[in-house]
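Model, not experiment: these values are computed from the prediction. Letters A, B, ... mirror the listed sequences (proteins, then strands); counts begin at 1.
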Amino acid sequence: MQEPTDFQKRVYLLLKKIPKGRITTYKIIGDMLGIKAYQAVGLACKMNPFAPEVPCHRVVKSDGSLGGYSASGGIKRKIALLADEYVYINKWKIIDFKKKLFKF
DNA sequence: CGCTTGACACCGT
DNA sequence: AACGGTGCCAAGC
């Protein structure tokens, strides 16, 4: 595995700032990093060599849906992780999404 | 997640 | 440096 790019490190650093029970979106992260390619944020998560240290599962799409999850367990695992933090999912949407949203 | 289009950083070559 | 393929994507239909 290669060293994370500077971009990736910025993404991880940002993700680690997310408090438990809170979530954020790819759009917000992208805006935070000053980029418009939110896909790159997803890429960073996908290539994320760290496990729970970088809570990728706390990142969702801008409409409150989960998006995807590349780590072991797939999307199902993501739902379980969120439920463990009192963030519940209903039909691929986060319940009280706006209230749990963390805007840094 | 239904599917298609758009936009852009990432990575291997 | 440039190109092609790709993406826990966003927005629209």
Using residues 56-64 of chain A as the side-chain source, report each donor-acceptor pair under 3.5 Å to any protein atom, sequence neighbours left out, with the distance given to one decimal.
from: A:H57; atom 1: NE2; to: A:E85; atom 2: OE2; distance (Å): 3.2
from: A:R58; atom 1: NE; to: A:E85; atom 2: OE1; distance (Å): 2.6
from: A:R58; atom 1: NE; to: A:E85; atom 2: OE2; distance (Å): 3.3
from: A:R58; atom 1: NH1; to: A:I18; atom 2: O; distance (Å): 3.0
from: A:R58; atom 1: NH2; to: A:E85; atom 2: OE1; distance (Å): 3.2
from: A:R58; atom 1: NH2; to: A:E85; atom 2: OE2; distance (Å): 2.8
from: A:D63; atom 1: OD1; to: A:S65; atom 2: N; distance (Å): 3.1
from: A:D63; atom 1: OD1; to: A:S65; atom 2: OG; distance (Å): 2.8
from: A:D63; atom 1: OD2; to: A:K93; atom 2: NZ; distance (Å): 3.4

Which donor-acceptor pairs under 3.5 Å do the side chains of residues 94-104 of chain A make with protein atoms, sequence neighbours left out?
from: A:K100; atom 1: NZ; to: A:Y86; atom 2: O; distance (Å): 3.3

With a 3.5 Å cut-off and sequence neighbours excluded, list the donor-acceptor pairs that the side chains of residues 29-50 of chain A form with protein atoms.
from: A:N48; atom 1: OD1; to: A:F50; atom 2: N; distance (Å): 2.7
from: A:N48; atom 1: ND2; to: A:F50; atom 2: O; distance (Å): 2.9

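The CG-P distance, from A:L43 to B:dA9, rounds to 12 Å in whole Å. Rounding to whole angstrom units, NZ of residue A:K36 and P of B:dA9 are separated by 7 Å. When the C1' atom of B:dC10 is taken as reference, atom CD of A:Q8 falls 8 Å away, rounded to whole Å. To the nearest angstrom, C1' of B:dG12 lies 12 Å from CE of A:M47. A:F7 has its CZ atom 12 Å from the C1' atom of C:dG7, to the nearest Å. In this structure, CG of A:D6 is placed 16 Å from C1' of B:dC11, rounded to the nearest angstrom. Separating the CD1 atom of A:I35 from the P atom of B:dG6 is a distance of 21 Å, rounded to the nearest angstrom. A:L33 places its CG atom 14 Å from the C1' atom of B:dC8, with the value rounded to the nearest Å.
Side-chain contact between A:V54 and A:V11: absent, with no pair of heavy atoms (C-beta onward) separated by less than 4.5 Å. Side chains of A:K9 and A:L13 form no contact here, defined as non-hydrogen atoms less than 4.5 Å apart. A 4.5 Å side-chain heavy-atom check between A:I79 and A:Y69 finds every atom pair outside the cut-off.
Rounded to the nearest Å, the gap between the P atom of B:dC1 and that of C:dG7 is 13 Å.
Expressed to the nearest 0.5 Å, how far NZ of A:K78 lies from OG of A:S70 amounts to 9.0 Å.
Residue contacts for A:V41: at a heavy-atom cut-off of 4.0 Å it reaches no nucleic acid atom on any strand shown.
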Protein N or O to nucleotides 2-4 of chain B N or O, pairs below 3.5 Å:
none

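If you check residues 60-87 of chain A against DNA chain B, the residues with a heavy atom closer than 4.0 Å are A:K61, A:S65, listed by number.
A donor-acceptor contact under 3.5 Å links the side chain of A:Q39 to the base of B:dA7.
In this view, A:Y88 satisfies the ring pair (Phe, Tyr, Trp, His ring centres under 6.0 Å) rule with no residue, not counting sequence neighbours.
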